[in-house]
Every structure is written in structure tokens, then in C-alpha cells.
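Scroll down for the structure; my scribbles are underneath it.
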Amino acid sequence: MTGVAGVAGATAAGERELLVAAESLDFARTVDRSVVHRRNPTEVFLTDVRPVGPQGFVAAALLPAVHPHYTGHTGSANRRLDPLLLVECCRQAETYAAHVLFDVEPRTAFVLRGWSAELFRPGFAAVVRDATPGPTELRMTVTTGVPRRVGGRVRGLDYEFTLRVAGHRIGVVRLAVGYLAPAAYTVVRSRGRGGPPPTSSRLGPAAVAGEPTAPDRVGRRRATDTVLLDVRTAERAVTAGLRVPVENISFFDHDHDHVPGMVLLEAARQVATLATAHWGGDAPHRTVMSRMTASFAAYAELDQPVTLTAVPAVPADAADAAGPAAEPDRVGGSPRPVDVTFHQGGAEIARMGLTVTPDADGTSTTDRERVA
């Protein structure tokens, strides 16, 4: 479980071909939920996938105007266009393409090796401020690396998604995914345990004890969306335990034998926003996650405590801190980079870097209601 590998970008001609193909995507109905590894229809956002050339494709998704989890924020930017919903749409498109376009066989275990996302503020903020009612149409143009094959079967692939809404280029998401045959996955997950690990259907929400964080403290409306326990603050670090929300179907739509990567990413976002507020930045409901990188060294087990630690990110030099996409992030205020590490059983199991940026609109649900 390593980081995100690079994917060669499309040529100018190839990019034009992808953009033309994306204009004809269908938003009329969602795809077969089983192909994107979902059980509940409310958790399926993908509506269309079409191949373009040997290693590219385009995909469409509908972002719901109202959703129990993804619009359950008190802050305006996250409520209108949750960055994690965008990542989930990419995950669904990757899963569908793996099965349908790249012949990854059913029952294969999908192993997330790394993620990254860059949400470019001008286009992103324009969509966030759009008050048009109803669902939002997301178009994705996708290029992939060369598939890694074992015995003729695809066992790994890297993806690069460019995201567009209403003509705005709002971001880029990259995924590095491995594909394990069922027998190999069973061996990997039983190693060192003397048998298969417990699954989420056998565990209650309080499998790991601790005091859950209040939803409004992390910019959330519902307790089922909070994933932190026992938050502790220090001058240069914020630590918390991981609450595994098995009752939340957006995270646990079906049975899992480990903590899904989306839960870890949500936990990183919540602890990073708490940390930046503690260090003098904006409150969680006034910020949005504008960047993310994630790498995974081991599975997060469901039945053992996980500890998160957030510290200010220290780039190697100022040039690294800026980067080609940094300037657009400055809409609404200075971005704050945060490093988050996850430990379980004394070992580091995941590491994420997030940039928390003040919302350009900057008005929370509570603020709007108070003004009204």
C-alpha cells in the first residue's frame, strides 16, 4: 500500500477527444449499483461511463442536492459540493471501469494504495456559490497508466480524473488501486490473526470506547457523521481516537473487514479542521479541504484503537509550499497545510497531507439563519 503513482496526461488531441466524449454523457439514471460495490441506491452517484481510446474514459455523476451524509455540513462550501463526495464519485467510476473496461473479475478485492486531490478554487468556488436547485452534473475525463498484469489479469492501475461542473474545471483526483484475487486477499487478511478479521456487521458503533466529538465542533449536523473520539489539543499537535461509524451507510453501505479509506479521509479532514482552528485559523464550518494526499501502509482493523495526530505541515522549502496550483487556493484567505498520521498497534498505518482553506463565501448555515 504505497502512494499515488504518476499517470501520463492526455495529449492535446487526446484531451479534446475526451472533452468531446464527455459532452454526450448520460445523466438520466444511475448505473447498476452492484458494479460500483454499493447496496443502497442512495449511495450510487455514477450515471455513465464510456471508453475513449485504449487507456482513457469519460464518466458522469449526479451530485445530490440533499443527502443524509454528503450535504450534512454546517459550512456552505462543504454543504454545496463536499470534496469527499467528489472523491467518492471518482472511486465509483474507477470501480465501474475496472470491471467493465479492464476486465477485473467479480469478487476481486480492491486495494486502495494512494489518493490525491487538488480542488482549484476559482472554478470550485463558482460552483459552491451557485444557488441553482436540484442535483449537480459532474463530468469526469480520465486517463490511466499502463495496467500491471499478473497471469494476464489486471492487478493494478493508476487513474487521473479531471473534474468539471457547468464548464468549470474544478479539480483533479488521482487514485492508485491494486486488485487482489479472492484467495490472495483471504491469505493477506488472515495473516498474523490466526483467522479472518471481524466484520463491521458484527461490531457496534462503540467497538472502541471513547467520548465522541460533538457534530457542530467539526462542522457537522449529525452525530452519525462524526468520526473522532477523545480530542486532545497541544501547542503544536492535535490528537484524537477514531470512531468507526458502522451505523453510517455512506461509509458502511455493505459489510467490511477493515476501516474503509473514506472513513480515514473523513477523520483526517475533521482533525485537520479542528487543528487549524486551534492554531488560530477559521472554525471548521468556515473552511473547506482544498487539497489532499494519502498513502496507506496497512489495513486499519475494526477491533483495535486507531490514533490520529495532526501537526502543521513543514514543506522542504517555500517553492514546495507554493507549487503551480497553490495561488488559486488563496481565494478567501491563506490555506493551512496539515499533516495527519494514523497509528494502530504501535505502527503507522496511514499518512495524509491536507490543505484547509477558508471558504470564499464564509457564511455558515447558522449565520444565514441568524441574519434571516
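Residues take their numbers from the sequence shown, with the count starting at 1.
- The OG1 atom of Thr273 sits 12.5 Å away from atom CZ of Arg336, with the distance rounded to the nearest 0.5 Å.
- Partners of Ser250 under the side-chain contact (heavy atoms from CB on, under 4.5 Å) rule, at least two apart in sequence or in another chain, are Glu43, His67, His69, Tyr70, Asn248.
- The backbone N or O of Val187 lies less than 3.5 Å from no partner atom in the side chain of Ser190, so there is not a single donor-acceptor pair.
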Give every donor-acceptor pair under 3.5 Å between a side-chain atom in residues 95-111 and any protein atom, sequence neighbours left out.
residue : atom : partner : partner atom : Å
Thr95   : OG1  : Arg91   : O            : 2.8
Thr95   : OG1  : Arg91   : NH1          : 3.2
His99   : ND1  : Val104  : O            : 2.8
His99   : NE2  : His37   : NE2          : 2.9
Glu105  : OE2  : Arg155  : NH2          : 2.9
Thr108  : OG1  : Glu105  : O            : 2.7

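- Judged by distance alone, with hydrogens and angles left aside, the side-chain atoms of Gln270 form a donor-acceptor pair with the main-chain N or O of Val227 at under 3.5 Å.
- Formation of a donor-acceptor pair under 3.5 Å by the Asp230 side chain with backbone atoms of Glu211 is found in this model.
- For CZ of Arg236, the number of neighbouring non-hydrogen atoms (other residues, nucleotides, ligands) closer than 6.0 Å is 12 at most.
- Residues Leu62 and Thr30 have side chains not in contact (no heavy-atom distance under 4.5 Å, counting atoms from C-beta outward).
- Contacts classified as salt bridge (Lys or Arg N to Asp or Glu O under 4.0 Å) and involving residues 24-35 (residues at least two apart or in different chains) are not found.
- Taken from OG1 in Thr71 to CG in Asn78, the straight-line distance is 11.5 Å, to the nearest 0.5 Å.
- Partners of Ala65 according to the side-chain contact (heavy atoms from CB on, under 4.5 Å) rule, which considers only residues two or more places apart in sequence or in another chain, do not exist here.
- Residues Val271 and Val311 fall into different hydrophobic clusters, defined by Ile, Leu, Val, Met, Phe, Trp and Tyr side chains chained together at heavy-atom separations under 4.5 Å.
- In this structure Asp225 satisfies the salt bridge (Lys or Arg N to Asp or Glu O under 4.0 Å) test together with Arg220, sequence neighbours excluded.
- The same ILVMFWY cluster, assembled from side-chain heavy atoms under 4.5 Å apart, contains both Leu84 and Phe161.
- Contacts of Glu301 classified as salt bridge (Lys or Arg N to Asp or Glu O under 4.0 Å), with partners at least two apart in sequence or in another chain: Arg189, Arg193.
- A search for salt bridge (Lys or Arg N to Asp or Glu O under 4.0 Å) contacts involving Arg39 returns nothing, not counting sequence neighbours.
- The ring pair (Phe, Tyr, Trp, His ring centres under 6.0 Å) pairs that include a residue from residues 209-250 number zero, where partners must be two or more places apart or lie in different chains.
- Residues Cys89 and Leu63 are in side-chain contact: their nearest non-hydrogen atoms beyond the backbone lie under 4.5 Å apart.
- A side-chain donor-acceptor contact under 3.5 Å links Gln55 to the backbone of Gly145.
- Residues Met140 and Leu46 meet the side-chain proximity criterion, which asks for heavy atoms closer than 4.5 Å.
- For Arg38, the salt bridge (Lys or Arg N to Asp or Glu O under 4.0 Å) test picks out Glu88, with sequence neighbours left out.
- Evaluation of the ring pair (Phe, Tyr, Trp, His ring centres under 6.0 Å) test over residues 256-283, restricted to residues two or more places apart or in two chains, returns Phe252-His256, His254-His256, His256-His258, His258-Tyr299.
- Note on Val259: it does not cluster hydrophobically with Ile249, by side-chain heavy-atom contacts below 4.5 Å among ILVMFWY residues.
- Both Val35 and Val142 belong to a common hydrophobic cluster when Ile, Leu, Val, Met, Phe, Trp and Tyr are linked at side-chain heavy-atom distances under 4.5 angstrom.
- The backbone N or O of Val288 lies less than 3.5 Å from no partner atom in the side chain of Asp359, so there is not a single donor-acceptor pair.
- Met352 has its side chain within reach of Leu264: a pair of non-hydrogen atoms, C-beta onward, lies under 4.5 Å apart.
- Counting heavy atoms from C-beta on, the side chains of Leu25 and Thr47 never come closer than 4.5 Å.
- Side-chain contact between Leu157 and Val177 is absent, with no heavy-atom pair separated by less than 4.5 Å.
- Using a distance-only test at 3.5 Å, with no hydrogens or angles considered, no donor-acceptor pair links the side chain of Glu17 to the main chain of Val52.
- For the pair Val36 and Phe45, the minimum side-chain heavy-atom distance is 4.5 Å or more.
- Residue His285 holds its NE2 atom at 14.5 Å from CZ of Arg217, rounded to the nearest 0.5 Å.
- Under the side-chain contact (heavy atoms from CB on, under 4.5 Å) criterion, Thr162 pairs with Thr141, Arg164, Arg169, Val172, not counting sequence neighbours.
- Residues forming a side-chain contact (heavy atoms from CB on, under 4.5 Å) with Thr199 (at least two apart in sequence, or on another chain): Ser201, Arg202, Asp255, Asp257.
- Counting heavy atoms from C-beta on, the side chains of Arg148 and Asp158 come closer than 4.5 Å.
- Arg139 places a side-chain N or O within 3.5 Å of a backbone atom of Ala22 that can act as its donor or acceptor partner.
- Pro198 and Asp303 make their closest contact through CG-OD2, 3.5 Å (heavy atoms, listed as atom of the first residue, atom of the second, distance).
- Remark: side-chain polar atoms of Asp48 are not paired, donor with acceptor, to backbone N or O of Phe27 under 3.5 angstrom.
- Under the 4.5 Å side-chain contact rule for hydrophobic residues, Leu265 and Val356 do not share a cluster.
- In this structure, Leu242 CG and Leu229 CG are separated by 7.0 Å, a value rounded to the nearest 0.5 Å.
- Judged by distance alone, the side chain of Arg50 and the main-chain N or O of Ser24 form a donor-acceptor pair under 3.5 Å.
- With respect to Arg174 and Glu160, a salt bridge is recorded, a charged nitrogen being found less than 4.0 Å from a carboxylate O.
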